[in-house]
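Atoms within each ligand, like the ligands themselves, are counted from 1 in listed order.
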Amino acid sequence: MNTNIPWWKNDTFYQIYPRSFQDSNNDGIGDIQGIISRLDYLQDLHVDDIWLSPIYQSPMFDMGYDISDYQAIDPIFGTMDDFDELLTESKKRNMNIIMDLVVNHTSDQHKWFQEAISNPNSKYRDYYIFKTTSDGKEPNNWRAIFGGSTWDPVPNEPGTYYFHTFAKQQPDLNWENPKLRKEIYQMINWWLGKGIAGFRIDAITHIKKDLDWKSLPPDAEDGLASVVKKGRNRPGVQEFLNELSNETFKKYDAVTIGEAYGLTDRDLPKFVGKDGYFSMVFDFNYMNIDVLDVDEWFRGQNNWTVKELKKVIFKSQNEIKQSGGWYANVLENHDQPRVLSKLIKNKEYQNANAAKALGIMYYFLPGVPFIYQGQELGMKNFEREFLEDFDDISSINNYNLAIENGYSNEESLSIINNKSRDNARTPMQWNNSIYAGFSEHKPWLKMSDEIDGINVLEESSDNLSVLKMYQKLGEIRHDEIISSIITEGDLHEIYNLPDSIIGYEIKTETQSLIVLVNLSENPVELSNEYNGCLLINSLTNKSSDHITISNLSGYQALVICK
Ligand code: GLC
Ligand code: CA
């Protein structure tokens, strides 16, 4: 095996949304002890690296993405001792812990921000972005990602505003200030020194803003223009990222996965190439096939075709290959609807077979697979009838905006149901008891109403389940020969296939892996015959020594090895 390859390159990653994974003390909220109690489950899935969505101290306006103390665990999740125990217990099972790094902004409850607004002369004033205007109006017309102006007034200081890219409870840090940057690096190194393996890095292309702070022509009726035009992947961000990476991650050989929206293919080599700022960035391209514009990600569109999906997957792969880098491949995360509901248009077919076909589709692409909790069970979206059933700040803001724009209550609910981040945040389904084995207490967020058959207990004893297939995928991906084909081989799209079939081959000089996925409910004839050893057939979850295949059933997927 090639010893130059980074340590994480054959790993399988798993994202835990701690609030919804497992509750250990029956308060209806998932916690660290709950995670510890499920480590064996993750080991059975062949998970190597566990990414925890934020568990730091937070008032939870944006569910932990608003941090009020970077070096404390929120009591809702447990204590630092619990965290240390999690580290030890994971290591015992050869698994690493990866934390979420949210450094574009803090919570407005962070002591730095509290100092900054209560004392304009404090050194913390320059940790954030404040502007005073002579006419008392907002400094410009930029629109925050969660809606409304990016500027909010500072209490007791008429005409003075602070800046936030996301919600008003999430003031942006001022990365232009070297003291702030240094303090952030110290915090990062403190965590790395503790023994975590790396970070998933939140909203990182937002840390640099255009310093002219100029208004833009409005892009909607509210008279505002999206902040991303002046505050995402802007000139100068690369200097910050270079310094960040050199001062922290590189010193520890940490694995880092950037949430880096707004990159062009030309930026990729700098971000993830040989000496890139990060180990990987997420490939969100196919995940976002159902939105017209990623900057308005909460508005879905259903007109895409499998042919287009294919195009996006291979275009992405081609770009990352040119960059010399490696993608983190994802179907789901805590910001996205469930993949079954998103990519399978006919509700009747949003079932285990389709979930398995989708799993096979992305698991063997060059890059590392990330599994989001519940994806391995085939969990789905469900319709919420009342605004009270939502928790997500962006869903609620978007509901209010829809109402302000004249939509009825029903229409507004339907807009947010479709893309709401709460779709992915419902509690994990461990069994089919009343709260699905997640808790004995009513969970913090309304549960899915489809628990029967879609839970760990039942799927563990069903040989055809989605869970059994993901376990098998994990096993295959860890086979030394298979993993070396993926890390060292070249990807080729298979072209002469019917529109509904996604097919690719990864080849080294001596070996190859062929993946064929039928993303339609209809059986399809292939124009070529494929043969080789069968690594997995999605319809049976089985492998076999040799097959010859010239057609696929509806939602059937195969991995063939030569
Ligand atoms: C990222 C997170 C999202 C969060 C936002 C602000 O996009 O994934 O959950 O709301 O950043 O931190
Ligand atoms: Ca709890």
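Close contacts between ligand 1 and H105 involve ligand atoms 6 (C), 12 (O) [criterion: under 4.0 Å to a heavy atom]. Residue-ligand proximity, R421 to ligand 1, at heavy-atom distances under 4.0 Å covers atoms 3 (C), 4 (C), 9 (O), 10 (O). With ligand atoms numbered from 1 in the order given, ligand 1 contributes 2 (C), 3 (C), 8 (O), 9 (O) to contacts under 4.0 Å with heavy atoms of H334. Interface of R425 with ligand 1, defined as ligand atoms under 4.0 Å from a residue heavy atom, comprises 9 (O).
Looking only at heavy atoms of the protein, atom 7 (O) of ligand 1 is closest to E259 OE2, 2.8 Å. For atom 5 (C) of ligand 1, the closest non-hydrogen atom of the protein is F166 CE2, 3.8 Å. Atom 4 (C) of ligand 1 has D62 OD2, 3.3 Å as its closest protein atom, hydrogens excluded (heavy atom only). Looking only at heavy atoms of the protein, atom 11 (O) of ligand 1 is closest to D202 OD1, 2.9 Å.
Selection from I393, I204, D335 by nearest heavy atom to atom 3 (C) of ligand 1 gives D335.
Side-chain atoms of E376 and Y41 form a donor-acceptor pair, as typed in the model, at a separation below 3.5 Å. If you check the side chains of N246 and Y185, you find no donor sitting under 3.5 Å from an acceptor. No side-chain donor-acceptor contact under 3.5 Å links N329 and D283. When only modelled atom types and interatomic distance are considered, S439 and D23 share a side-chain donor-acceptor pair under 3.5 Å.
The pair D265-K315 does not meet the salt-bridge criterion, since no charged nitrogen lies less than 4.0 angstrom from a carboxylate oxygen. A salt bridge does not link D69 with K111: none of the charged nitrogens is closer than 4.0 Å to a carboxylate oxygen. A salt bridge does not link K179 to D126: none of the charged nitrogens lies less than 4.0 Å from a carboxylate oxygen. A salt bridge is absent between K9 and D11; no separation between the charged side-chain nitrogens and carboxylate oxygens falls under 4.0 Å.
Between R384 and the choices N423, D389, D422, the side-chain hydrogen bond (donor to acceptor under 3.5 Å, both in side chains) rule is met once, by N423. Remark: of the listed residues T205, D267, T264, D267 is the sole one forming a side-chain hydrogen bond (donor to acceptor under 3.5 Å, both in side chains) with N233. Evaluated for a ring-ring contact (aromatic ring centres under 6.0 Å, His included) with F83, the options F77, Y56, W191 yield exactly one hit, W191.
Under a 4.0 Å heavy-atom criterion, Y261 is not in contact with ligand 1. Contact between M63 and ligand 1 is absent, with no heavy atom of the residue lying under 4.0 Å from the ligand. Contact analysis puts R200 in contact with ligand 1, with a non-hydrogen atom separation below 4.0 angstrom.
With rounding to the nearest 0.5 angstrom, the CG atom of L224 is 8.0 Å from the OG1 atom of T150.
Listed by chain and number, the protein atoms of type N/O/S under 3.0 Å from the Ca ion (ligand 2) are D23 OD1, N25 OD1, D27 OD1, I29 O, D31 OD2; waters are omitted.
Contacts of H206 with ligand 1, taken as heavy-atom pairs under 4.0 Å, are absent altogether. No part of F61 comes within 4.0 Å of ligand 1, judged by heavy-atom distances.
In this structure, W213 and W151 have perpendicular ring planes: the angle between them is above 60°, well past the 30° mark.
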